[in-house]
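Here's the structure, in structure tokens; my notes come after.
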Amino acid sequence: IHMVFDYLPASYEGDKEAREQMHYGQCLAGMAFSNALLGIVHSMAHKTGAAFSTGHIPHGCANAIYLPYVIQFNAQCAEKRYADIARFVGLEGESDKELVQKLCEKIDDYNVKLGIPKTLKEFGINEEEFKAKVSEIAKLAVESIENGETVMIESGSCCALVALEIARSKKDVTLITNSAFIADYIRKIGSVKVILLGGEYQNESQVMVGPITKKCVESFFVDKLFIGTDGFTETSGFTGNDYMRSETVRDMAKQADKVIIVTDSFKFLQKGVVTLIPTAEIACIVTDTHIPIECENYLLDHGIEVKKVEN
């Protein structure tokens, strides 16, 4: 973090030493999020980067646009942690709340220096298209779910949207999940019944994992399991960034007739650090139209249905 604050503007202006330091900082950041996982900013940047007809939002630009807004949102639960970051980079304030505001203002200042728009509207994104795109992948994913059905769903941002769409559009569905976040996210919406699996609680991702979760999930048999993914290659299949969560996905998959992956197309350009689930165990992929054609053809050749949200 300190390296970014120290070297980013000079790097942007062409200073080679500053660019070298930013490369080091980028490497350190990658090592960090491989252990701590990623958050809302990165997730939204993936989902929206290639979603709009008005133009692709470069991934770094999208992250920079969302960052100050997400900090303000997350500060409702993590104000002290953001205040500590503000102090670490030399900002001053009379309270944690003021320090969080100063941190957001500092990021806004950097965005101005780097030519980053403040909003998606400034970037040129049409608001009506934005509203329409947000839940289209989730809607496509839940088309096959019948009222009264019992389904299983893992954690992650795409899965959260699927759960929300189920709660909004289906009646009397029972949703089995290992995600405390999803259980809380939809608890007041519609007539959905939620069964939250027990297990070892991962605080950052708000999910249950481990042998207790495995024991709990063995009590259920469902037709459909919805999962996300962190990456894909033909040789490795679908991959994740957390071993315990990936192991739990495989345990859940054993109790489902069909495994459905819901993801944005950008994940097909990524590779996680651990095996999530073999390609042969997937029944369907729900994604957007920007999935690389070679990946789509590979999946189709292996008998996997590919559903795409149209632009």
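All figures in this text were calculated on a predicted structure; none of them were measured in a lab.
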**Whichever hydrophobic residues join I212 through chains of side-chain contacts under 4.5 Å** = none
**Prompt:** Can you list the residues that meet the ring-ring contact (aromatic ring centres under 6.0 Å, His included) rule with F238, with sequence neighbours excluded?
**Reply:** F232
**Message:** Can you list, by chain and residue number, the hydrophobic cluster partners of M208 when the side-chain cut-off is 4.5 Å?
**Reply:** L196, Y201
**Request:** Write out all pairs satisfying ring pair (Phe, Tyr, Trp, His ring centres under 6.0 Å) with one or both partners inside residues 77-103, taking only residues at least two apart or from two chains.
**Result:** H2-F88
**Item:** Main-chain N/O of S265 paired to T287 side chain as donor or acceptor, under 3.5 Å
**Value:** yes
**Item:** D15: salt bridge (Lys or Arg N to Asp or Glu O under 4.0 Å) partners, not counting sequence neighbours
**Value:** none
**Asked** Taking only residues at least two apart or on different chains, which pairs with a member in residues 147-156 satisfy salt bridge (Lys or Arg N to Asp or Glu O under 4.0 Å)?
**Response** E149-K224
**Asked** Hey, are S205 and Q202 close enough side-chain-wise for a donor-acceptor pair under 3.5 Å?
**Response** yes
**Complete:** Here the salt bridge (Lys or Arg N to Asp or Glu O under 4.0 Å) pairs for residues 60-80, sequence neighbours left out, are K80-D84
**Complete:** Residues P292 and L269: closest non-hydrogen pair is CG-CD2, 3.7 Å
**Message:** Going by the rule salt bridge (Lys or Arg N to Asp or Glu O under 4.0 Å), which residues pair with K308 if we only count those two or more places apart in sequence or in a different chain?
**Reply:** E296
**Message:** Does atom CD (E294) have a neighbourhood of more than 12 heavy atoms from anything else shown, all under 6.0 Å?
**Reply:** yes
**Prompt:** Do any N or O atoms from the side chain of K267 and from the backbone of G231 form a donor-acceptor pair under 3.5 angstrom?
**Reply:** no
**Message:** My understanding is that a hydrophobic cluster links ILVMFWY residues whose side chain heavy atoms are under 4.5 Å apart, including indirect links. Using that, what else belongs to the cluster containing V273?
**Reply:** V207, V209, Y243, M244, V274
Just distance, no hydrogens or angles: give the donor-acceptor pairs under 3.5 Å from side chains in residues 108-116, sequence neighbours left out.
residue: D108; atom: OD2; partner: K118; partner atom: NZ; Å: 3.3
residue: Y110; atom: OH; partner: F5; partner atom: O; Å: 2.5
residue: N111; atom: ND2; partner: A64; partner atom: O; Å: 3.0

**Complete:** Between I145 and K170, the two heavy atoms sitting closest are O-NZ, 2.9 Å
**Message:** Give me each pair satisfying salt bridge (Lys or Arg N to Asp or Glu O under 4.0 Å) with a member in residues 61-73, each pair once, sequence neighbours excluded.
**Reply:** none
**Message:** Strictly distance-based, threshold 3.5 Å: is any side-chain N or O of T229 a donor or acceptor partner for the main-chain N or O of T239?
**Reply:** yes
**Prompt:** So if you build clusters from Ile, Leu, Val, Met, Phe, Trp, Tyr with side-chain heavy-atom gaps below 4.5 Å, do V142 and I189 land together?
**Reply:** yes
**Message:** Do L8 and I85 sit in one hydrophobic cluster, given that two such residues count as connected whenever their side-chain heavy atoms are within less than 4.5 Å of each other, even indirectly?
**Reply:** yes
**Pairing residues for E281 by the side-chain hydrogen bond (donor to acceptor under 3.5 Å, both in side chains) criterion, not counting sequence neighbours** = none
**Asked** Between S191 and D172, is there a donor-acceptor pair closer than 3.5 Å when you use the side chain of the first and the backbone of the second?
**Response** yes
**Message:** Please check if the number of heavy atoms outside E146 that lie under 6.0 Å from its CD is greater than 12.
**Reply:** no
**Request:** Indicate the atoms forming the closest heavy-atom contact of C158 with T263, along with that distance.
**Result:** SG-CA, 3.9 Å
